[in-house]
Number of protein chains: 2
Amino acid sequence: MASIKDVAAEAGVSVATVSRVLNDHPSVSADARARVLAAVEALGYRPNAVARSLRTDQTRTLGLVISDVLNPYFTELARSVEEEARALGYSVIIGNADERPELQDHHVRTLLDRRIDGLLVSPTDGGSPLMLDAARSGTPMVFVDRWIPGVDVPVVRADGRAAVRDLVAHLHGLGHRRLAIIAGPAATTTGSERVDAFRDALREYGLPLPDAYIGQGDFQAASGRRATEEFLDLAEPPEVVFAADNLMALGALDAVRARGLRVPDDIALAAFDDIPWFVHTDPPITAIAQPTPELGRAAVRAVVDRIEGRPPQSVTLPATLVVRRSCGEPPAMDSTPMNVTQRSNP
Amino acid sequence: MASIKDVAAEAGVSVATVSRVLNDHPSVSADARARVLAAVEALGYRPNAVARSLRTDQTRTLGLVISDVLNPYFTELARSVEEEARALGYSVIIGNADERPELQDHHVRTLLDRRIDGLLVSPTDGGSPLMLDAARSGTPMVFVDRWIPGVDVPVVRADGRAAVRDLVAHLHGLGHRRLAIIAGPAATTTGSERVDAFRDALREYGLPLPDAYIGQGDFQAASGRRATEEFLDLAEPPEVVFAADNLMALGALDAVRARGLRVPDDIALAAFDDIPWFVHTDPPITAIAQPTPELGRAAVRAVVDRIEGRPPQSVTLPATLVVRRSCGEPPAMDSTPMNVTQRSNP
DNA sequence: GTTACGCATGTAATCGATTCCAAGATGATC
DNA sequence: GATCATCTTGGAATCGATTACATGCGTAAC
C-alpha cells in the first residue's frame, strides 16, 4: 500500500509538503498542491490512520461498552451513538459485555490499549478497579443508561420514576392490587432504581411490595421466565408482573404461555423499555419508553465535550408510559393520566 | 501514560529487553524478566496497540460491515462474529450501513484506513468500485449472508431454497393458492434469490407468481407496510404474504392491523429470518430460520484463514422452516413435510 | 542597495513499539 | 589457556505519519 513517501516521490516534493497538502495547511503553493493531489489520485493513496494516531496521539475513535447487543434497547442506543459520533468525525468501537463483568473488563482494557479518545459505558456491575482507574487516569468517560455511584463521571440516562408512577396509577385504576416486579441485578443502577421507583409508587397507593413479589432477574429472557414461574407457583400469585427490561418480559411471556395462561386475563404484564414488536405481541404490551436515540446523542456530545476540553454535562431525560392492552382494557381517553401516551403503532 | 521507555528505565534494562519480555522471547534471563515484570506492575504499563500495529503491520482487528444493526438477524450475526473473533484473538469493528450504499462505502473506507487485518461484508448493493478495489488489492475479505457475483471472495451464507420449498408445500397444503412475496432490493443477492426460490417452488405446484404479487421492499419495516397495503388494494388480494426479512414482516403486520384485518383468517403471513419475538406475536409467525451463529463463526474462520495464509473456504448452510400459526392451523404432526421443524419456543 | 519580512519548502526529530545486528559474558571443549 | 558456541543484552533502524526549525527566495520598505 502506498505511503506518504511514495506520494512525495511521485509528486517530486518532500513528505512534509504532502502532509501539509493533506491537512490543508495554508502555506503550500498552488502548483505543489496540484502535483500532490495528482500523485495521491494516481497512487490511490490513503493516509495510514495507525501512523497518524501514533504521532498525533488521537485516534478519533470512541469506545462504547454495552451490556447486551441482543437487547433491542441497546442496539438502538448503539446505533444513535454511532450516528452522532460519525457526524462529529469519530468512529465507534462497540464492545458487548453480555452482562458479564469479566467480558466488560476485557473490552474496556482492549479499548484503552487502542488508545480510544473517549469511552461510553453502561456498566454491568458496581465497577471493576480497571474502570475506576480509567476514569481517574483521565480517559474522557461518560456513563450511559446505567452508572456507578461515587465515580466522578458524567451520566446520561432516562429517569423512569414519573413513568413508573403513571404505570402504577394505570394498574391501580384497572383494579390490580397484587403487583410484582422482576428486577435487574442489584449491582446495576437500573436494576435497583426501577424497584425503588416501583416500591415508592406502590406506597402512594397504600400497596405493599412483599419480598415474594420481587423476582431476581439479570436482564436476560431466561431469568424473566424463571422469576415468572416462581410467581405463578406462589399460593397467592400476583395479578401483574412488571419486567424491568424487555428481554425479561419476553421470558415472562414464555412462562405464562407455557402454563397455558393468558395475558391479561390470567395475569397482566408490563415492561420497562419499549420496542417495535410490543405492538404486535399477543396482547400488545404496555411499556415504559425511553428516549433512546436522544440518550445516545447526548452521551456522544458529552464525551466529545470532554475530549475537546469543554466541560461535559450530565443529562437526564424523562421516560414515558405507553399504554397498550397487556394489563387489561385501557381506560377511556378522558381518564388518561397526565403524561401517558396512548400509542398503537411504532 | 507509561511507555516502554519508562518501563525500561524503571527496570534498569533497555527497551529491547522489555519488548522481549512482553512478547515472551526465549532469550531473556530470569532476573531481567522479573525486574521488567515488576516495573510493568509498578507503572501499570500497557503496551500501546497503535504503536505496535504500526511496527508489525497488523492490527488484530476485523471489520464487519452489516446492512442494518436494528435488524435482529444482523445483531445476532454481529454477536457471533465478535465472539468467534475474540476467541481467535481478534477485535471487531462494526460498521452499520443502514442499507445505504454510501454509508457502506464510508465504513469500508475508514476500516481500510485503520488497516484492519480482514473485512467481513454483507453488501447492500452490487458493489462499489471501492469494495471491488479492496478485494482485488489483497485485503483479506469474506462476504457474509449477501455477496457480489463475479468477485473472487469467499462467501458464507445460508441456502434457503429447500426451506422456501417446504414453506410453499406447507401453504399449498393449507389450501392457499394466491401467494405474494415482499422482495428485498434486487441489488442484493438475498433480495433476488428469495424471490427466485419462491417462484421456482410455486412452479412446482403449478402456481403463478404475477408481478402484482411481487412487492418491492428494501428490508425495512416501512417498505413492508407499503407493499402490503398495495397487495390489500388489489382487486384480488393474495391469501398469503411472504416477507423476505423480519422487519418487512413487522411492517406487513402493521399494515394488516391498520385495516382491522386478522392474520391468518383474512390474510396469512410468513417471514424469512426467525426471531424470538415471532413466538409471541399475534399470531405466532411461521418463519424460515437461518443458522445465524454458525454463519458468523464460519465467516470469521474464513477471513482468519486468509489472514494467516491458509486457503479460505466458502460455506453454505441450510435454513429451515419453522411452522407456527400465521398461515393457518399447522398440519398434524404425522403430515409434517421432511425438514420442517415444529417449534413453539425460542 | 541593504535590511527585513513572509512565504514555500525541505531536513530531521518524534510518537512507541519490534527486531536486526553487534558485542560482551559465560561456559564448554580440546 | 585458547577457541568457539551459546546466551543475554543494548544500540539503532524502522513502520508512516506530523511538525518544529532552518533555509532560500522574492518583494517591499527605507
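Each chain gets a letter, A, B and so on, in the order the sequences are listed, and its residues count up from 1.
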Check: [Y] main-chain N/O paired with [X] side-chain donor or acceptor under 3.5 Å:
{"X": "B/R33", "Y": "B/V21", "value": "no"}
{"X": "B/S19", "Y": "B/V15", "value": "no"}
{"X": "A/N96", "Y": "A/V69", "value": "yes"}
{"X": "B/T17", "Y": "B/V13", "value": "no"}

Return the nearest nucleotide to the side chain of [X]; candidates are [options].
{"X": "A/P47", "options": "C/dA12, D/dA17, C/dG16", "value": "D/dA17"}
{"X": "A/S14", "options": "C/dG16, C/dT19, C/dT11", "value": "C/dT11"}
{"X": "A/R20", "options": "D/dG16, C/dG10, D/dA13", "value": "C/dG10"}
{"X": "B/T17", "options": "C/dC15, C/dA17, D/dG10", "value": "D/dG10"}

Practice item. Find the bend of the helix from C/dG1-D/dC30 to C/dC30-D/dG1 as the angle between its two terminal axes (five pairs each), to the nearest 10°. Key: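 Rounded value for the end-axis angle: 60°.
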
**Study point:** Atom-to-atom span, CG of A/L54 to C1' of C/dT18 - whole angstrom
**Key:**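 About 13 Å, once rounded to whole Å.
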
**Study point:** Near-strand residues of residues 21-36 of chain A, defined as heavy-atom separation under 4.0 angstrom from DNA chain D
**Key:**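 Heavy-atom cutoff 4.0 Å gives A/N23.
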
Exercise for review: May I ask you to verify if any side-chain N or O of B/R55 is less than 4.0 angstrom from the OP1 or OP2 atom of D/dT14?
Suggested key: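 Checking B/R55 against D/dT14: no side-chain N or O falls below 4.0 Å of OP1 or OP2.
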
Practice item. With DNA chain D as reference, determine whether B/V13 or B/A51 sits nearer its 5' end, using the nearest nucleotide of each. Key: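 Looking at the nearest nucleotide for each, B/V13 comes out on the 5' side.
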
Check your understanding: Hey, does B/V50 reach any base, or is it just sugar-phosphate, or nothing, if we go heavy atoms under 4.0 Å?
Key ->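 B/V50: no heavy atom of the nucleic acid under 4.0 Å.
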
Check your understanding: Can a salt bridge be assigned to the pair B/R109 and B/D113 using a cut-off of 4.0 Å between side-chain N and carboxylate O?
Key ->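 Not counted as a salt bridge, because no side-chain N and carboxylate O are separated by less than 4.0 Å.
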
Exercise for review: Compare all side-chain heavy atoms of B/S67 with those of B/R146 and state whether any distance is below 4.5 angstrom.
Suggested key: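 Answer yes - side chains close enough.
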
